[in-house]
**Q** 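There's a structure below that I have some questions on.
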Number of protein chains: 2
Amino acid sequence: MQASGAEGAWLKQSDRDRAVRLLWEPPAEPTRGPKAALSQSRVVEAAMKVADAEGVEALTMRRVAETLGFTTMSLYRHVPGKSELLDLMVDAAWGETACVPKGPWREGLEFYARQMWQMYRAHPWILQLPHSRRTPGPRTMASFDAALAVVSELGLTAEEMVAVVTAVGHFVDGVGRTMADRVKAERETGMTEEAWWDGQDALWAHFTPERLPMMTHIWTTGGFERPLDEFEFGLARVLDGLAVFIESEDRPLVRRETCL
Amino acid sequence: MQASGAEGAWLKQSDRDRAVRLLWEPPAEPTRGPKAALSQSRVVEAAMKVADAEGVEALTMRRVAETLGFTTMSLYRHVPGKSELLDLMVDAAWGETACVPKGPWREGLEFYARQMWQMYRAHPWILQLPHSRRTPGPRTMASFDAALAVVSELGLTAEEMVAVVTAVGHFVDGVGRTMADRVKAERETGMTEEAWWDGQDALWAHFTPERLPMMTHIWTTGGFERPLDEFEFGLARVLDGLAVFIESEDRPLVRRETCL
DNA sequence: TACACCCAGTGTACGACGTAAGCAGTTAAG
DNA sequence: CTTAACTGCTTACGTCGTACACTGGGTGTA
């Protein structure tokens with residue numbers, strides 16, 4: 001059955017526990033039966049290579065099997081399904097990041113952001129996958145834990161520590177996503193970002209000063225020609241903002257009320 | 001043909017121009033032939049309703065046609081294909097946002113962020129769509145233009161103006177994405193976020209103090225029970241950080257070098 | 001009035017996808 | 001040896017987007 005829609009997709013407890021076991025408990029080798037030519041780690045590795053090179057949309061079970069030289073269904077002997085394969089891939093990617101070392105909070109959070117950024121650049125497909133409620137793996141959690149540690153001695157409440165680290169994460173997620181989209185578009189069209197927009201004359205014709213005054217002004221003053229580095233610029237601003245918060249005397253408490 | 005993979009997906013110039021015309025030039029009514037019972041705007045409207053209620057994964061041409069009471073293929077008389085339908089949906093969503101009014105930069109950017117946030121909450125599927133290099137529509141650009149205007153009198157360079165506005169956008173994108181994932185997960189599982197995590201005993205069993213010291217510490221001190229509002233908290237930090245930048249004497253210039 | 005287009009909506013069909021079910025061959029435990 | 005466990009393969013089903021060919025209704029020109 002295809003990944004199911006609104007109704008009927010209710011995960012059973014057994015499914016959830018299986019996902020947890022898959023990620024947190026290394027599989028025991030079977031004693032009987034023929035030696036497996038394939039293995040879970042080889043499947044995960046091959047899947048990551050496909051996703052890196054060709055994008056999520058090319059990541060099909062058939063494609064992964066093909067690169068390994070096996071049939072599609074042989075993969076299911078080593079991985080319960082595509083969803084769980086993605087879980088494993090994400091945790092493997094986090095495993096490539098270094099955990100934040102102890103030290104001053106600002107350097108630590110910057111390190112965390114740069115590690116995330118580097119991971120996203122190596123594996124942009126992560127940002128095109130559903131993120132929330134994916135069963136977190138041990139290596140994912142280890143990274144997060146180390147980032148929390150670096151803000152643990154600042155006199156913040158527990159909630160504030162979580163909020164500070166996730167604020168950095170959200171920013172990197174945001175920049176990462178547009179970066180990932182760009183990478184995807186360049187692969188699909190075979191054109192660089194510049195070349196693409198240069199060919200959009202039909203679009204530019206609609207950018208008139210009456211309709212889009214600022215856009216045309218910035219355009220004519222060359223503001224789009226040499227854009228600032230979005231990651232570097234934004235990261236510095238976010239850390240500045242967190243510094244204001246961390247170093248302030250009385251911190252405002254912002255409780256979650258309306259937010260889902 | 002299916003949406004094609006790595007090779008062979010090279011958009012022709014004619015395709016691009018068609019997408020531009022679709023978004024920027026309202027279609028002229030045909031003089032001959034039978035009156036159309038369906039229309040482009042009705043298709044877009046129905047598609048948005050489906051995506052709002054059932055998520056992107058339920059947004060199929062068949063499903064949209066069904067809600068309209070027409071056959072699947074009838075949609076193709078009004079919309080060139082699914083990709084272009086998505087273009088139209090995104091621009092329609094931006095059209096629901098109010099443009100930033102003139103005024104002080106901080107209030108203006110906060111307004112911009114809240115408008116984006118509100119749009120994402122109403123239409124979370126936008127964040128699950130590829131974003132970059134989607135042909136921008138007139139209403140999308142109008143919002144961006146108005147946001148640029150609010151930072152135009154601060155003595156920033158053109159590049160800096162763009163960087164400031166997109167930094168806010170990236171943050172909202174990041175938070176929005178995790179919000180969208182949560183909404184999707186709640187719809188698919190029929191469980192609230194809390195209920196979901198409460199049932200993850202098999203997972204918590206692996207959260208030992210040796211392995212994840214900070215996580216367990218925050219867990220025991222209740223730091224995950226009443227999380228701060230991620231949007232409100234992060235937005236305040238980002239604006240604080242931008243204030244530091246905007247009000248500083250000599251601004252560092254961060255050129256894009258390595259970034260894709 | 002005749003008729004040639006044009007255009008709205010339909011029906012069928014194809015090749016992609018994830019994966020369920022069952023089969024054949026291999027190995028170690030009893 | 002028998003048997004149970006295990007690997008990998010084949011076949012098949014129900015999704016998806018959409019190409020293609022059609023029917024019939026409507027308007028412009030001859």
Side-chain angles (χ1 to χ4, degrees), chain A residues 1-9 15 18 27-43 46-47 50-51 54-87 89 129-130 188, chain B residues 1-9 15 18 27-43 46-47 50-51 54-87 89 129-130 188:
Chain A
M1 204 186 308
Q2 182 95 330
S4 37
E7 53 235 358
D15 290 338
R18 189 186 56 176
E29 291 222 353
T31 60
R32 292 209 270 193
K35 286 259 150 35
L38 218 46
S39 69
Q40 185 175 99
S41 60
R42 279 191 65 201
V43 172
V50 169
E54 305 168 40
V56 250
E57 66 284 351
L59 181 73
T60 67
M61 299 304 265
R62 289 172 224 265
R63 183 85 190 81
V64 174
E66 188 188 315
T67 69
L68 285 164
F70 287 83
T71 59
T72 309
M73 290 312 290
S74 68
L75 303 185
Y76 287 87
R77 291 282 170 212
H78 304 274
V79 146
K82 192 179 186 184
S83 165
E84 289 85 352
L85 173 56
L86 294 174
D87 285 343
M89 291 168 67
L129 262 35
E188 283 175 0
Chain B
M1 204 184 308
Q2 184 94 332
S4 37
E7 54 233 359
D15 290 339
R18 190 186 54 175
E29 292 222 353
T31 59
R32 294 212 270 193
K35 284 261 150 36
L38 218 45
S39 69
Q40 186 175 97
S41 59
R42 277 190 68 200
V43 171
V50 169
E54 304 168 40
V56 248
E57 66 283 349
L59 182 71
T60 68
M61 299 303 266
R62 289 174 224 266
R63 183 84 190 81
V64 174
E66 188 188 315
T67 69
L68 285 164
F70 287 83
T71 60
T72 309
M73 291 313 292
S74 68
L75 304 185
Y76 287 86
R77 290 282 163 208
H78 304 274
V79 147
K82 193 179 183 181
S83 165
E84 290 84 353
L85 172 56
L86 294 174
D87 285 344
M89 290 167 67
L129 261 35
E188 283 175 0

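Atoms considered below: every heavy atom in the structure, side chains included; atoms not considered: hydrogens, waters and symmetry mates. Letters A, B, ... mirror the listed sequences (proteins, then strands); counts begin at 1. What you are looking at is a predicted structure, and each value in this text was computed from that prediction instead of being measured.
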**Q** Name the nucleic acid region contacted by B:Leu85, choosing base, sugar-phosphate or nothing; use a 4.0 angstrom heavy-atom cut-off, strictly under.
**A**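 Here B:Leu85 touches no strand at all.
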
**Q** Do B:Leu85 and B:Met61 come close enough that some side-chain heavy atom pair is under 4.5 Å?
**A** yes

**Q** Less than 4.0 angstrom between a side-chain N/O of A:Thr31 and OP1 or OP2 of C:dA28, yes or no?
**A**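 No, because none of the side-chain N or O atoms of A:Thr31 sits under 4.0 Å from OP1 or OP2 of C:dA28.
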
**Q** Are the side chains of A:Leu68 and A:Arg42 in touch, meaning some heavy atoms are under 4.5 Å apart?
**A**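 Yes; the side chains approach each other to less than 4.5 Å.
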
**Q** Let me know the distance between NE2 of A:His78 and P of D:dC6, rounded to the nearest Å.
**A**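 It works out to 12 Å between those atoms.
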
**Q** Take atom NZ of B:Lys35 and atom P of C:dG9, then tell me their distance rounded to the nearest Å.
**A**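 Nearest whole value for this atom pair: 12 Å.
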
**Q** Starting at atom CG of A:Leu75, determine the distance to atom C1' of D:dT7, rounded to an integer number of angstrom.
**A**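 Going from A:Leu75 (CG) to D:dT7 (C1'), I get 13 Å.
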
**Q** Grab the CE-P distance between B:Met61 and D:dG17 for me, whole Å please.
**A** 7 Å

**Q** Could you state the CZ-P distance from A:Arg77 to D:dG8, rounded to the nearest angstrom?
**A** 9 Å

**Q** Could you state the interatomic distance from CZ (B:Arg63) to CD (B:Glu57), rounded to the nearest 0.5 Å?
**A**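 The CD atom of B:Glu57 is 12.0 Å from CZ of B:Arg63, to the nearest 0.5 Å.
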
**Q** Hey, could you give me the CE/CZ distance between A:Met73 and A:Arg62, rounded to the nearest 0.5 Å?
**A**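 One finds 9.5 Å between CE of A:Met73 and CZ of A:Arg62.
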
**Q** In whole angstrom, what separates B:Glu57's CD from D:dC16's C1'?
**A**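 Interatomic distance, CD of B:Glu57 to C1' of D:dC16: 14 Å.
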
**Q** Round to the nearest Å and state the distance from A:Lys82 atom NZ to C:dA20 atom C1'.
**A** 17 Å

**Q** Taking the side chain of B:Ala36 as its heavy atoms from C-beta onward, which of C:dA8, C:dG25, C:dA28 lies nearest to it?
**A**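 For the B:Ala36 side chain, the nearest candidate turns out to be C:dA8.
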
**Q** Find out whether B:Thr60 and B:Thr72 are in side-chain contact, i.e. whether some heavy atom of one side chain is under 4.5 Å from a heavy atom of the other.
**A**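 Result no, sub-4.5 Å side-chain heavy-atom pair not found.
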
**Q** Measure from the side-chain heavy atoms of B:Tyr76 and tell me the nearest of D:dC16, D:dT18, D:dT3.
**A** D:dT18

**Q** Quick one: are A:Leu59 and A:Glu54 in side-chain contact, heavy atoms under 4.5 Å?
**A**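 A:Leu59 vs A:Glu54: side chains apart.
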
**Q** Roughly, in whole Å, what's the span from CG in A:Leu38 to P in D:dC6?
**A** 17 Å

**Q** Want to settle it: does B:Pro80 or A:Ala37 sit nearer the 5' end of DNA chain D, counting the closest nucleotide to each?
**A** A:Ala37

**Q** So which atom in B:Tyr76 and which in B:Gly81 form the shortest heavy-atom distance, rounded to 0.1 Å?
**A** CE2-CA, 3.9 Å

**Q** Can you sort out which residues in residues 62-74 of chain B have a heavy atom within less than 4.0 Å of DNA chain C? Ascending by number, please.
**A**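 Result for residues 62-74 of chain B: B:Phe70, B:Thr71, B:Met73, B:Ser74, sorted by number.
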
